[in-house]
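Before any comments, here is the structure.
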Amino acid sequence: MSAIQAPKGTRDIFAPEVHAWQHLEAAIRDYYGRYLYQEIRTPLFEHSELFSRGIGEQTEVVQKEMYTFRDKADRSLTLRPENTASVVRAAIEHNLFEALAPLRFFYIGPMFRYDKPQKGRYRQFHQFGVEVFADDAPQVDAEVIFSAVDFLRRLGIAQVQLELNSVGCPNCRPAYLKVLRQAAQDRSADLCEDCRRKIDSNPLRIFDCKQHACSGIAASFPVIGDHLCPECREHFAAVRETLSWMNVPFLLNPRLVRGLDYYTKTAFEVTSGQLGAQNALLGGGRYNDLIRELGGPDMAGIGFAAGMERLVLHLEHLAAPRPKVLFVATADPRWLAHAVQLAQVLRSEGHPVYVDYQSKNLKKQFKKADRIAAAFTLVLAEDEVRDGAVSVKNMATQEQVKIPLKDLNAWLKQNP
RNA sequence: GUGAGUGUAGCUCAAUGGUAGAGUAUCAGACUGUGGAUCUGACCGCUGCGGGUUCAAGUCCCGUCACUCACCCCA
């Protein structure tokens with residue numbers, strides 16, 4: 001009989017790593033709270049149709065990566081592979097467009113994709129993200145992008161690259177794809193086998209090919225920036241201009257595409273050199289048609305999602321917070337009652353307290369106090385109990401003083 | 001889905017095809033009212049799992065599972 005392991009692609013998070021997660025989650029709530037974003041928590045599973053309609057039937061995510069199952073009433077449900085579609089669904093379902101202002105959300109939680117695990121990629125992974133339902137103003141794009149980069153900087157993640165592109169809209173993208181396909185078709189004899197297949201399925205991906213010959217050829221292919229409709233072109237220019245007002249450096253990447261079909265106009269990605277192959281820290285863009293397509297009002301939207309595992313990889317140097325732990329040691333089981341009561345009082349005063357219930361001698365208890373990094377060890381023994389006091393030893397300085405119980409709390413407050 | 005590498009004690013790692021070991025951690029003692037050091041001792045393994053070859057397999061072969069990394073995809 002073999003022991004049960006966590007399913008492939010899932011992981012347990014515990015100390016010391018969990019401290020980085022707590023730090024990250026607190027930072028998200030603090031930072032986006034200041035921008036008046038409100039947290040939204042949507043179900044971990046939804047009707048499968050939400051994702052196939054929202055993300056796009058033809059996307060890799062929907063085709064290959066969804067955890068889809070049937071429940072007892074034969075409904076097709078899917079563990080959410082991303083959260084934008086759910087947030088839009090919730091906003092429509094509760095008519096938040098009229099009830100809540102401003103329409104800015106953030107979320108934190110697990111997502112699920114059936115992928116082959118590797119560095120920074122898991123089957124259950126965590127994203128935080130933001131969604132802004134608003135008008136189509138390019139300044140909103142810039143503000144969302146700024147917040148993402150600024151947030152990373154505040155976390156201490158500064159060595160990142162912001163890449164930016166416009167993926168057009170239903171008015172201009174189809175025409176561009178046609179031009180691109182034609183260009184690729186003309187050179188198909190010189191392309192690798194993979195890329196020839198992509199001409200039909202996803203011509204934009206030819207730009208990503210690592211083969212030297214292909215990337216050289218692709219460099220001469222038309223880019224979408226030259227084929228945007230006037231509206232998209234103006235919008236994109238305004239986004240870039242606003243970003244420069246904000247002093248946000250970015251790299252124009254005319255070949256940047258997003259994996260989900262709902263994106264229109266602005267698309268962006270923040271990558272890190274420290275992550276290996278899965279180098280995207282966060283990615284997002286504008287989705288001006290999604291809300292309407294899912295049955296809501298004709299309202300524009302923009303957002304991004306960040307991979308929390310990938311952020312935590314950058315935060316692992318963070319020292320765990322060290323609370324001032326008090327260790328209560330008893331020289332003899334006779335004083336356990338005093339120890340228990342002392343611990344109760346101290347905890348009610350807000351101190352983190354560990355009581356050792358089974359050690360036979362003080363030496364072992366001090367050793368244990370040392371191991372859990374206690375700041376003070378409080379000794380209860382015959383003398384102390386008789387005098388209504390406790391001996392407090394500062395573990396760092398080795399100083400020890402005997403303090404009457406009634407003065408203990410005040411003393412602790414004065415001796416951090 | 002494709003490919004490569006790795007699976008030995010809680011952890012980090014050894015072991016020409018020939019008795020499974022070390023360091024560290026843990027526990028106990030030296031040391032019965034005081035920690036970090038030192039010394040002594042103890043515990044610790046179906047060598048991922050299942051087959052095969054062999055007198056003999058941790059070691060070689062096949063399969064499988066897991067992990068890691070890359071392709072792919074993406075956060």
Side-chain angles (χ1 to χ4, degrees), chain A residues 1-11 55 59-65 80-84 107-129 148 152 192 194 197-198 201-202 204-205 208-211 256-260 267-272 275-285 303-313 327 329-332 335 356 358-385 391-400 402:
Chain A
M1 198 180 72
S2 53
I4 297 173
Q5 300 176 295
K8 188 186 184 87
T10 68
R11 49 198 300 276
I55 297 172
T59 59
E60 196 92 4
V61 169
V62 170
Q63 292 270 312
K64 298 181 183 170
E65 298 176 359
R80 62 185 189 189
E82 60 102 48
N83 210 12
T84 299
Y107 58 81
I108 301 172
M111 310 293 158
F112 306 84
R113 292 184 198 174
Y114 193 91
D115 241 338
K116 191 150 175 180
Q118 66 187 67
K119 181 170 183 168
R121 188 169 79 184
Y122 300 95
R123 290 181 173 182
Q124 174 174 336
F125 61 104
H126 297 77
Q127 289 186 333
F128 91 83
L152 294 181
C192 72
D194 265 2
R197 236 192 342 263
K198 291 175 189 165
S201 63
N202 197 344
L204 290 165
R205 287 269 159 226
D208 289 340
C209 186
K210 305 278 194 293
Q211 307 267 349
L256 175 69
V257 280
R258 313 258 70 240
L260 315 178
F268 62 96
E269 197 166 288
V270 174
T271 57
S272 163
L275 285 174
Q278 309 302 312
N279 64 352
L281 274 174
L282 61 88
F304 70 83
M308 293 175 72
E309 280 78 2
R310 296 177 189 181
L311 294 177
V312 165
L313 284 174
F327 188 103
T330 50
D332 187 287
W335 319 123
D356 190 73
Q358 53 182 337
S359 287
K360 295 142 211 142
N361 61 54
L362 282 174
K363 182 180 181 66
K364 293 202 185 310
Q365 294 180 74
F366 269 91
K367 211 164 186 169
K368 195 161 188 173
D370 191 46
R371 229 182 38 227
I372 68 170
F376 295 96
T377 297
L378 281 52
V379 179
L380 279 171
E382 190 142 18
D383 290 357
E384 285 81 359
V385 171
S391 291
V392 180
K393 181 170 183 179
N394 182 321
M395 296 298 280
T397 65
Q398 308 202 34
E399 290 172 289
Q400 181 167 320
K402 197 157 134 188

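Chain A is the first sequence line, chain B the second, and so forth, proteins listed ahead of strands; every chain is numbered from 1.
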Note to self: Please determine whether a side-chain nitrogen or oxygen atom of A:Gln127 lies at a distance below 4.0 Å from atom OP1 or OP2 of B:A75.
What the structure shows: no
Note to self: Using the P atom as the point on both nucleotides, what is the distance between B:C55 and B:U47, in whole Å?
What the structure shows: 23 Å
Notebook entry, point to check: So which one's nearest nucleotide on RNA chain B is more toward 5', A:Glu399 or A:Pro117?
Noted result: A:Glu399
Margin query: By nearest heavy atom, map A:Glu384 and A:Leu281 onto RNA chain B; which one lands nearer the 5' end?
Written below: A:Glu384
Check: What residues, two or more places apart in sequence or in another chain, satisfy ring-ring contact (aromatic ring centres under 6.0 Å, His included) together with A:Phe376?
Finding: A:Trp411
Notebook entry, point to check: Base, sugar-phosphate, or nothing for A:Leu260, non-hydrogen atoms under 4.0 angstrom?
Noted result: sugar-phosphate
Next item on the list: Quote, to the nearest angstrom, the C1' distance that separates B:C72 from B:G21.
Entry: 43 Å
Margin query: Please confirm whether the shortest side-chain N or O distance from A:Lys364 to OP1 or OP2 of B:G29 is below 4.0 Å.
Written below: yes
Check: Watson-Crick or G-U wobble partner for B:U40, using a 3.5 Å limit on both distances?
Finding: B:A28
Margin query: Whole angstroms only, please: what is the NZ-P distance between A:Lys368 and B:G36?
Written below: 16 Å
Note to self: Given B:C74, B:A70, B:G35, identify the nucleotide with an atom nearest to the side chain of A:Gln278.
What the structure shows: B:C74
Margin query: Rounding to an integer number of Å, can you tell me how far A:Ile372 CD1 sits from B:U26 C1'?
Written below: 17 Å
Next item on the list: Quick one: label A:Ala381 by what it contacts on the DNA or RNA (base, sugar-phosphate, nothing), any heavy atom closer than 4.0 Å.
Entry: base
Check: What is the distance from NZ of A:Lys64 to P of B:C71, rounded to the nearest Å?
Finding: 15 Å
Margin query: Is the phosphate of B:G35 approached by A:Lys363 (side-chain N or O, under 4.0 Å from OP1 or OP2)?
Written below: yes
Checklist line | Proximal nucleotide (of B:C71, B:C74, B:G35) relative to the A:Arg310 side chain | finding: B:C74
Notebook entry, point to check: In terms of heavy-atom contacts, does NZ of A:Lys402 have more than 12 from other residues, nucleotides or ligands at under 6.0 Å?
Noted result: yes
Notebook entry, point to check: With sugar-phosphate meaning primed atoms plus P, OP1 and OP2, does A:Glu382 contact a base, only sugar-phosphate, or nothing at under 4.0 Å between heavy atoms?
Noted result: base
Notebook entry, point to check: So what does A:Glu65 touch, heavy atoms closer than 4.0 Å: a base, only the sugar-phosphate, or nothing?
Noted result: sugar-phosphate
Next item on the list: Find the partner of B:U54: check Watson-Crick (N1-N3 plus N6-O4 or O6-N4) and G-U wobble (N1-O2, O6-N3) distances, both under 3.5 Å, and reply none if neither fits.
Entry: none
Check: Looking for any heavy atom pair under 4.0 Å, which part of the strands does A:Asp383 touch: base, sugar-phosphate only, or nothing?
Finding: base
Checklist line | Proximal nucleotide (of B:G3, B:U26, B:C74) relative to the A:Lys116 side chain | finding: B:G3
Margin query: Regarding A:Phe128, tell me which of base, sugar-phosphate or nothing describes its non-hydrogen contacts under 4.0 Å with the strands shown.
Written below: nothing
Margin query: Would you say that A:Glu60 contacts A:Glu65 through its side chain, given a criterion of any heavy-atom pair below 4.5 Å between the two side chains?
Written below: yes
Next item on the list: First locate atom CE of A:Met395, then atom CG of A:Asp370, and finally report the distance between them rounded to the nearest 0.5 Å.
Entry: 5.0 Å
Item checked: Base partner of B:C67, which must satisfy Watson-Crick or wobble distances under 3.5 Å -> B:G5
Margin query: How many whole angstroms separate atom CG of A:Leu275 from atom C1' of B:C74?
Written below: 12 Å
Next item on the list: Measure from the side-chain N and O atoms of A:Arg310 to the backbone N and O of A:Leu281, and report whether any donor-acceptor pair falls under 3.5 Å.
Entry: no
Item checked: Closest to side chain of A:Gln398, choosing from B:G36, B:C69, B:G33 -> B:G36
Next item on the list: Provide the distance between the two P atoms, one in B:C46 and one in B:A9, to the nearest whole Å.
Entry: 8 Å
Notebook entry, point to check: Is it true that the side chains of A:Thr10 and A:Gln124 contain a donor and an acceptor less than 3.5 Å apart?
Noted result: no
Notebook entry, point to check: Would A:Thr84 and A:Glu82 satisfy side-chain contact (heavy atoms from CB on, under 4.5 Å), going step by step from the backbone distance to the final call?
Noted result: CA-CA 6 Å; A:Thr84 299; A:Glu82 60 102 48; 3.3 Å; yes
Next item on the list: May I have the distance from A:Asp370 (atom CG) to B:G36 (atom P), rounded to whole angstrom?
Entry: 7 Å
Note to self: Work out how far the P atom of B:G58 is from that of B:A75, and round it to whole angstrom.
What the structure shows: 47 Å
Margin query: Taking the minimum atom-to-atom distance to the side chain of A:Arg113, which one of B:A75, B:C27, B:U34 wins?
Written below: B:A75
Checklist line | Nearest-neighbour nucleotide for the A:Asn279 side chain, B:C74, B:A70, B:A75 considered | finding: B:C74
Notebook entry, point to check: Mind checking who B:C72 pairs with, Watson-Crick or G-U wobble, both distances under 3.5 Å?
Noted result: none
Notebook entry, point to check: Given that both distances must come in under 3.5 Å, which nucleotide forms a Watson-Crick or G-U wobble pair with B:G21?
Noted result: B:C13
Next item on the list: Please report, rounded to the nearest Å, how far the P atom of B:C73 is from the CD atom of A:Gln63.
Entry: 14 Å
Notebook entry, point to check: For B:C69, does either OP1 or OP2 sit under 4.0 Å from a side-chain N or O belonging to A:Arg121?
Noted result: no
Next item on the list: For B:G35 and B:U19, measure between their C1' atoms and round to the nearest Å.
Entry: 41 Å
Next item on the list: Sticking with atom P, work out how far B:A4 lies from B:G10, rounded to a whole angstrom.
Entry: 31 Å
Notebook entry, point to check: If the P atom of B:G36 is compared with that of B:C71, how far apart are they to the nearest Å?
Noted result: 50 Å
Note to self: Is the phosphate of B:A66 approached by A:Lys8 (side-chain N or O, under 4.0 Å from OP1 or OP2)?
What the structure shows: yes
Check: Rounded to the Å, how far apart are A:Arg371 CZ and B:A25 P?
Finding: 11 Å
Next item on the list: Using the P atom on both, measure B:U64 against B:A57 and round to a whole Å.
Entry: 23 Å
Next item on the list: Would you classify A:Gly120 as touching base, sugar-phosphate or nothing, given that sugar-phosphate means primed atoms plus P, OP1 and OP2, and contacts are heavy atoms under 4.0 Å?
Entry: base
Notebook entry, point to check: Looking only at heavy atoms, which two atoms of A:Phe125 and A:Glu309 are closest? And how far apart?
Noted result: CA-OE2, 3.5 Å
Check: Side chain of A:Arg123, backbone of A:Asp115: donor and acceptor closer than 3.5 Å?
Finding: yes
Next item on the list: Answer yes or no: does a side-chain N or O of A:Lys367 lie under 4.0 Å from OP1 or OP2 of B:U34?
Entry: no
Check: What is the distance, rounded to the nearest whole Å, between atom CZ of A:Arg123 and atom C1' of B:G1?
Finding: 11 Å
Next item on the list: Using a heavy-atom cut-off of under 4.0 Å over every strand shown, decide if A:Glu60 touches base, sugar-phosphate, or nothing.
Entry: sugar-phosphate
